Amino acid sequence: MRIGYPCINRRIGCTANSTFRLNSYSKERVRLAVSNNLDCLFKILKWNSENDLRFFRISSDIVPFASHPVMDVRWTHEFKKELKLVGHLVRQENMRISMHPDQFVLLNALDKGIVQRSIAELRYHAEVLDAMGIEDAAIQIHVGGMYGNKAGAMDRFINTYRRLPANVKKRLAIENDERLYSLADCLAIHERTKIPVIFDSFHNELNGRMPLKEAMNKASATWGRMPLMMDYSSQEKGKRPGTHAEHIDNGHFRKFLKEAKGDFDLMLEIKDKEKSAVQALRIAKEMGWL
DNA sequence: CCATGTCAAGGTCAC
DNA sequence: GTGACCTTGACATGG
């Protein structure tokens, strides 16, 4: 099992997701941001490997505005060396990588323009991973909207998926969300497409509520010989249901690990990031998971 | 220098 | 049909 956290490290004093306003766009701003982001990403991954955290989500802001028409920097070319360096470290330290384009990527939108922009955004994510030479990372997305007809929306998702470029397709994974598409829905899409399903245990508690063992078994089966990729969180007390915890809830986490089964990599979607990840790692080691 | 409003992109739900 | 909310840090501006 590998344990990790998404995008941001609060301890080492740099960020790999710096961006700027579209209004302030210039070639120089892009170069400055990308240079800073790649430099910091390398430092974070280095810190992670030294702390035995071997799962990390690279921020979609690593190259700001990459899929926007305004982009006019050939960043894959200009930062070739730095991108390769990251990939080298990832392979050397046996780390697993994911990326998670946000809510604007909707492969099943009714509007063709939205679908086109979504595909462009996915292409960008695949280009980052191509340039790093990381073939087996996941680009994780949700199924999308319902548009008043879930079956139709799922059909549209599948049809668009089939037309995606190969470098996107080989990395795309879908994740159950907390309101619209449950794990069962994602598994149904897997049946028709073979897309791997990332299991989010917190979302499953809010939507679907498939028993944990069954959920993990079924999601695992979608990954073939690769370990299941999982997102984990717990409810922040006193906040709207669905709010991610500020700190890891030790009791909840131990209970989860007691029930969990199989070979999986775990991403802690908890707000204090590497702090909780370090603690989770300690607990998992205590309980004999690694 | 600090406080506050704002940020590429969409969808859903309550009213 | 309109506005709040999702979710989040940090950019950017105005005082």
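For clarity, every value in this text was computed on a predicted model and none was experimentally measured. Residue numbers begin at 1 in each chain, while the letters A, B, ... track the order of the sequences.
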Trainee: Rounding to an integer number of angstrom, what distance separates C:dA4 and B:dC7 when you compare their P atoms?
Mentor: 15 Å

Trainee: Regarding A:Y5 and A:N48, is there a side-chain donor-to-acceptor distance under 3.5 Å anywhere?
Mentor: yes

Trainee: Tell me the disulfide bond (SG atoms under 2.5 Å apart) pairs involving residues 18-93 of chain A, sequence neighbours left out?
Mentor: A:C14-A:C40

Trainee: Between B:dA9 atom C1' and A:F65 atom CZ, what is the distance in whole Å?
Mentor: 10 Å

Trainee: Expressed in angstrom and rounded to an integer, what is the separation of A:D111 atom CG from B:dG10 atom C1'?
Mentor: 10 Å

Trainee: Which value, in whole Å, describes the distance between the C1' atoms of nucleotides B:dA8 and C:dC11?
Mentor: 14 Å

Trainee: Could you write nucleotides 10-15 of chain C as a row of B, S and -, 5' to 3', where a protein heavy atom under 4.0 Å of any base atom gives B, of only sugar-phosphate atoms gives S, and otherwise -?
Mentor: BBS---

Trainee: What is the separation between atom CZ on A:F157 and atom C1' on B:dG11, rounded to the nearest whole Å?
Mentor: 16 Å

Trainee: Whole angstrom is fine here: how far is it from CG in A:D102 over to C1' in C:dC6?
Mentor: 11 Å

Trainee: Classify the ring geometry of A:H203 against A:H142: parallel below 30°, tilted from 30° to 60°, perpendicular beyond 60°.
Mentor: tilted

Trainee: Under a 3.5 Å cutoff, is there a donor and acceptor pairing between the side chains of A:S182 and A:N207?
Mentor: no

Trainee: Sequence neighbours left out, cut at 3.5 Å: what donor-acceptor pairs do the side chains of residues 53-62 of chain A make with other protein atoms?
Mentor:
| from | atom 1 | to | atom 2 | distance (Å) |
| --- | --- | --- | --- | --- |
| A:R54 | NE | A:D52 | OD1 | 2.9 |
| A:R54 | NH1 | A:E93 | O | 2.7 |
| A:R54 | NH1 | A:E93 | OE1 | 3.4 |
| A:R54 | NH2 | A:S49 | O | 3.4 |
| A:R57 | NH1 | A:E269 | OE2 | 3.1 |
| A:R57 | NH2 | A:D231 | OD2 | 3.2 |
| A:R57 | NH2 | A:E269 | OE2 | 3.0 |
| A:S59 | OG | A:D61 | N | 2.9 |
| A:S60 | OG | A:H125 | NE2 | 2.8 |

Trainee: What I want to check is whether the side chains of A:N167 and A:D130 have a donor and an acceptor closer together than 3.5 Å.
Mentor: yes

Trainee: Checking side-chain polar atoms at under 3.5 Å, does A:T76 have a donor or acceptor matched by the opposite partner on A:E127?
Mentor: no

Trainee: Start with the C-alpha gap between A:E286 and A:R254, add the side-chain angles, then the distance that decides, and say whether salt bridge (Lys or Arg N to Asp or Glu O under 4.0 Å) holds.
Mentor: CA-CA 10 Å; A:E286 256 172 50; A:R254 284 177 191 279; 3.1 Å; yes

Trainee: How many whole angstroms separate atom OH of A:Y181 from atom C1' of B:dG10?
Mentor: 14 Å

Trainee: Restricting both atoms to N or O, compile the protein contacts to nucleotides 12-15 of chain B shorter than 3.5 Å, with distance only.
Mentor:
| from | atom 1 | to | atom 2 | distance (Å) |
| --- | --- | --- | --- | --- |
| B:dT12 | OP1 | A:M146 | N | 2.5 |
| B:dT12 | OP1 | A:Y147 | N | 3.3 |
| B:dT12 | O4' | A:R179 | NH2 | 3.4 |
| B:dT12 | O3' | A:R179 | NH2 | 3.4 |

Trainee: Test A:W289 against A:F264 for ring pair (Phe, Tyr, Trp, His ring centres under 6.0 Å), laying out the working first.
Mentor: CA-CA 10 Å; A:W289 275 91; A:F264 62 98; 5.3 Å; yes

Trainee: Is there any ring pair (Phe, Tyr, Trp, His ring centres under 6.0 Å) pair reaching into residues 219-248 of chain A, and which pairs are they, with sequence neighbours excluded?
Mentor: A:F202-A:H244, A:Y232-A:H252, A:Y232-A:F253, A:Y232-A:F256

Trainee: Between atom CD in A:Q103 and atom P in C:dT8, what is the gap in whole Å?
Mentor: 11 Å

Trainee: How many whole angstroms separate atom NE2 of A:H100 from atom P of C:dG9?
Mentor: 16 Å

Trainee: Please convert DNA chain C into dot-bracket. A pair counts if it is Watson-Crick or G-U wobble with both distances under 3.5 Å; crossing pairs go in [ ] and bases paired with another strand get |.
Mentor: ||||||..|||||||

Trainee: Are A:I189 and A:I198 grouped together when hydrophobic residues (ILVMFWY) are joined by side-chain heavy atoms under 4.5 angstrom apart?
Mentor: yes

Trainee: Rounded to whole angstrom units, what separation is found between the CD atom of A:E269 and the P atom of C:dC6?
Mentor: 17 Å

Trainee: Taking the C1' atom in each of B:dG11 and C:dA10, what is the distance between them to the nearest angstrom?
Mentor: 25 Å

Trainee: Work out how far the P atom of C:dG3 is from that of B:dT6, and round it to whole angstrom.
Mentor: 15 Å

Trainee: Report yes or no: does A:R96 contribute a side-chain atom to a donor-acceptor pair with the main-chain N or O of A:P227 at less than 3.5 Å?
Mentor: yes

